[in-house]
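These notes are about the structure you will find just below.
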Amino acid sequence: MTCSACTSAVEGAVSARRGVRRVAVSLLQNRAHVVFDPALLKVEDIIEAIEDAGFDAEIIPDTAISQRKAQKTLSAQFRIGGMTCANCVNSVEGILKRLSGVKGAVVALATSLGEVEYDPSVINKDEIVEAIEDAGFEAAFLQSSEQDKILLGLTGLHTERDVNVLHDILKKMIGLRQFDVNATVSEVEIIFDPEAVGLRSIVDAIETGSNGRLKAYVQNPYARGASNDAHEAAKMLHLLRSSLFLSFVVGKRFYIAAYRALRHGSTNMDVLVVLGTTASYVYSVCALLYGAFTGFHPPIYFETSAMIITFVLFGKYLEVLAKGKTSDAIKKLVELVPATALLLLKDKEGKYTEEREIDALLIQPGDILKVLPGSKVPADGVVVWGTSHVNESMITGESAPIPKEVSSAVIGGTMNLHGVLHIQANKVGSETVLSQIISLVETAQMSKAPIQKFADYVASIFVPIVITLSMITFLVWFLCGWVGAYPNSWISGTSNCFVFSLMFAIAVVVIACPCALGLATPTAVMVATGVGANHGVLVKGGDALERAQNVNYVIFDKTGTLTQGKAVVTTAKVFSGMDLGDFLTLVASAEASSEHPLAKAIVEYAFHFHFFGKLPTSKDGIEQRKEDRLSQLLLQVEDFSALPGKGVQCLINGKRVLVGNRTLVTENGVNVPPEAENFLVDLELNAKTGILVSYDDDFVGLMGITDPLKREAAVVVEGLKKMGVHPVMLTGDNWRTAKAVAKEVGIEDVRAEVMPAGKADVVRSLQKDGSIVAMVGDGINDSPALAAADVGMAIGGGTDIAIEAADYVLVRNNLEDVITAIDLSRKTFSRIRWNYFFAMAYNVVAIPVAAGALFPFTRLQMPPWLAGACMAFSSVSVVCSSLLLRRYRKPRLTTVLQITVE
């Protein structure tokens, strides 16, 4: 197999065999996965079908499949509570990575989520949760990548009898491998064979088998995440209210967390809070006892401990609220999906006679769903009945409603405006466009930008340094007072040198804040990726976001990127005695096996030349007759091969046919007559691509093809220049056509006649001097260059392979989003730098003030409780600073180009 057309051919050949339920073919893995009925079909029949389609096939031995299953790695998501700073993140990641069976772990402070890659044959999710909790944090499993495991919520599960009824129902179901009922939280975890039983069948069986007493529902992990955020905020508010009346009991959370952190050899904010509160409390107890026995009553600071705890909790409550706002983008995307769907049911005669409202999470591929006017499309699919207009702006950014009719594709989460539609679901769950966008945003928010390493390093040494500074502060003030270096008037009458020095030391410990540094980058990245998604720019990670700010070069692929990718034949001229109709038939026959955009344009041109005005007017009729007519028109082709960057060659009537560029025909010894060469030069100077054709090694004729530029291309190129970015055009086309197109869009740096494999070399050549290079492309042949570039940007309408290789996905297929991506990156990291400045400046200024650096001049001493309040609000200020990115507006091109509109 060489292209996606090959995979379609294999799928079509296998699907046509009776007994085949489902077939999926992978081009890159050279594999096909076939689900079939062994009573109707044998493996040998499937191999025969593939070989009949022109491909070689062999069955993979069962040992290879079982070996792959044995080596299966799962990725699971956990919610982790109690993390307060970057040091907590480092501690959790370190503990997880040391676990046997864990292959990787990433923890995000801003989202309180951890993603763990592990071998389920070595360690399970419960052991991972236990390890996190043992480290002093709260942990809960959210979801895993294992497709045949589901966690169902239950209503009506109240008594032991209800549990027994549920057990009886599940035991009788075919396809259920294992289930575990948790009556305490009304949940059941089920491992099942999706080939034997569907999820909807399990839910229906529970309700039917219990006569409606028990009802099961799929727990949406995103909804659970939102409820957890609300629960965390409510819990913190409850603790805050309690602390106003009973601080010491509430403060135990800091002591427990500090103990667990120290037990694992790490330090965090909790350690600083505990040191400050304990020092003031222990001193106060000692002072109280001293006064009781001696009659001299030194000042006591019980209220200091209480007020520190209260202010820290208040700050944490505000921080939780602010951090919740950073994930608003995910919540808005999740809300696009409707909660329910209308399923159409057939009677015995195959007619749709009944409607049933089901949970949208229970939709299965192949379901026929009814979409009413004003309701959202519940899943990705195709229209099988009805006409309407659909608003897809929330996904594609296209503001105008898109007309839909039979065979039109629809996207889940979009809004049906006018007519009733019946759609057949073909992508559900994690395979939908919306789910993939959410997954990309989540992945980006989980990733760490390289700049975060600075905060991680500072966090690892921050607390020991602060404790050292606190001790130095105490010793300096105490020794200076002991030797009389400052007057006794600085100390109140009821105090002494020890207490005076201790209050400065406690203030230093309490005012220092490692949390602000840890939140500076992840909160900004989280907001930025969400904002980008709202503007149709999907970022795959914080590292890509960081690199994009420093882009020096942006390389544009020509076809499908700068141009619309809608090639049109404008000229066809024969330079031999062959009839024009025969010439077009010959060229179309050779190009019919290629999926290149130019090939499709040639076949379409030949078809219209022969059959224009001879087809029925209805769309269905046209499609049906078009296939029939094409099969009659095209000649039999043998030994077809596509030559990347050159064209195609094949045998027709036993004679060699070459269709491609000048390089292809000259390399094969075909002479191009002078009049044809002049005609070709004229085409190329007018930004058209010349396609040369030879038959039996004799030059026959040529065709001129144009691909219109995107209307925004020239303005975007000019905008990039204004931003200090150097645009480059890269194409496999000839130099004359390339220069003509480049001149039209305003690009001076052109690289033409570049083979697909050479595109990555062009990227690397620009990177030699340390420049940051971005590549914008849309096709399979762009994927090596996208991967080689520092920042790869795939146009949303491009191939899956290009999108997979890229760092950015431009969903709207609009070049203006290249400017948006770079501008968003620059503004995000400008905000991150400000966050670091605020966090560092706060500690640099606050610690000396708390240590009493200004006391000799102002006689003002910062009370420890006020230091605690300052510490609490520092992290809140950093999160609020990141939230300012929510006000981001994509740059207007009139502003970028500095155009004044009067």
Side-chain angles (χ1 to χ4, degrees), residues 5 559 563-616 622-643 646-666 668 670-673 675-684 686-708 733-734 737:
T559 305
T563 66
Q564 297 177 13
K566 299 176 182 176
V568 178
V569 177
T570 59
T571 309
K573 190 168 183 179
V574 180
F575 291 88
S576 65
M578 186 180 291
D579 177 72
L580 178 60
D582 294 337
F583 170 73
L584 293 178
T585 300
L586 180 75
V587 180
S589 300
E591 292 284 14
S593 299
S594 172
E595 64 168 15
H596 195 281
L598 300 186
K600 294 178 181 177
I602 290 171
V603 173
E604 192 70 21
Y605 184 81
F607 175 80
H608 280 280
F609 178 85
H610 285 283
F611 301 116
F612 181 74
K614 302 177 184 178
L615 293 175
I622 288 177
E623 293 299 325
Q624 184 178 0
R625 294 291 298 277
K626 185 176 181 179
E627 292 182 7
D628 295 341
R629 293 295 180 101
L630 269 177
S631 62
Q632 297 171 11
L633 171 68
L634 299 178
L635 304 173
Q636 186 174 353
V637 174
E638 297 175 343
D639 294 339
F640 171 87
S641 62
L643 307 172
K646 296 178 182 179
V648 301
Q649 69 175 10
C650 62
L651 294 178
I652 296 180
N653 298 326
K655 298 177 181 179
R656 186 170 68 161
V657 177
L658 300 174
V659 182
N661 56 21
R662 185 188 279 102
T663 304
L664 177 65
V665 296
T666 54
N668 285 276
V670 178
N671 294 319
V672 180
E675 61 271 25
E677 183 66 39
N678 293 334
F679 189 77
L680 179 61
V681 170
D682 186 56
L683 287 175
E684 293 171 346
N686 286 282
K688 296 177 181 177
T689 300
I691 302 297
L692 292 78
V693 183
S694 72
Y695 180 61
D696 197 18
D697 295 334
D698 291 327
F699 183 80
V700 180
L702 58 80
M703 306 177 77
I705 299 179
T706 185
D707 187 359
D733 217 333
N734 65 84
T737 302

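Counting heavy atoms from C-beta on, the side chains of Phe609 and Leu633 never come closer than 4.5 Å.
Distance OG1/Thr689 to CG/Asn734: 6.5 Å, rounded to 0.5 Å. Residue Ile705 holds its CD1 atom at 4.0 Å from CD1 of Ile602, rounded to the nearest 0.5 Å.
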Exercise. Could you walk me through whether Val672 and Leu680 pass side-chain contact (heavy atoms from CB on, under 4.5 Å), step by step?
Key: CA-CA 10 Å; Val672 180; Leu680 179 61; 5.7 Å; no
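Pairing each heavy atom of Ser589 with each of Ile652, the nearest pair is CB-CD1, 3.9 Å. Across Ala601 and Ala567, no two heavy atoms sit closer than the pair CB-O, 3.2 Å. For Phe640 against Cys650, the heavy-atom pair with the smallest separation is CA-CB, 3.9 Å. In this structure, Glu591 and Ala599 approach most closely via the heavy-atom pair OE1-CB, 3.2 Å. Gly690 and Leu692 get closest at one heavy-atom pair: O-CD1, 3.9 Å. Between Ser594 and Val648, the shortest heavy-atom contact is CB-CG1, 4.2 Å.
By the salt bridge (charged side-chain N to carboxylate O under 4.0 Å, His left out) test, Asp707 is found to be paired with no residue, residues two or more places apart in sequence or in another chain being considered.
The main-chain N or O of Lys688 is found under 3.5 Å from a side-chain atom of Thr737 such that the two form a donor-acceptor pair. Of the possible donor and acceptor atoms, one in the side chain of Asn686 sits under 3.5 Å from a partner among the backbone N and O of Asp682. A donor-acceptor pair under 3.5 Å is absent between the side-chain atoms of Thr571 and the main chain of Gly704, judged by distance alone.
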I'd like a table of donor-acceptor pairs (distance under 3.5 Å, sequence neighbours excluded) in which one partner is a side-chain atom from residues 572-587, with atom names and distances.
from: Ser576; atom 1: OG; to: Met578; atom 2: N; distance (Å): 3.4
from: Asp579; atom 1: OD2; to: Gly581; atom 2: N; distance (Å): 2.9
from: Asp579; atom 1: OD2; to: Asp582; atom 2: N; distance (Å): 3.4
from: Thr585; atom 1: OG1; to: Gly581; atom 2: O; distance (Å): 2.9
from: Thr585; atom 1: OG1; to: His610; atom 2: NE2; distance (Å): 3.1

Per-pair distances, 0.1 Å, donor-acceptor, side chain in residues 655-665, under 3.5 Å, sequence neighbours excluded:
from: Arg656; atom 1: NE; to: Asp697; atom 2: OD1; distance (Å): 3.2
from: Arg656; atom 1: NH1; to: Asn668; atom 2: OD1; distance (Å): 2.9
from: Arg656; atom 1: NH2; to: Asp697; atom 2: OD1; distance (Å): 2.7
from: Asn661; atom 1: OD1; to: Thr663; atom 2: N; distance (Å): 3.3
from: Asn661; atom 1: OD1; to: Leu664; atom 2: N; distance (Å): 3.1
from: Asn661; atom 1: ND2; to: Gly645; atom 2: O; distance (Å): 2.9
from: Arg662; atom 1: NE; to: Glu677; atom 2: OE2; distance (Å): 3.4
from: Arg662; atom 1: NH2; to: Glu677; atom 2: OE2; distance (Å): 3.0

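Within a 6.0 Å radius of CD in Glu675, more than 12 heavy atoms belonging to other residues, nucleotides or ligands are found.
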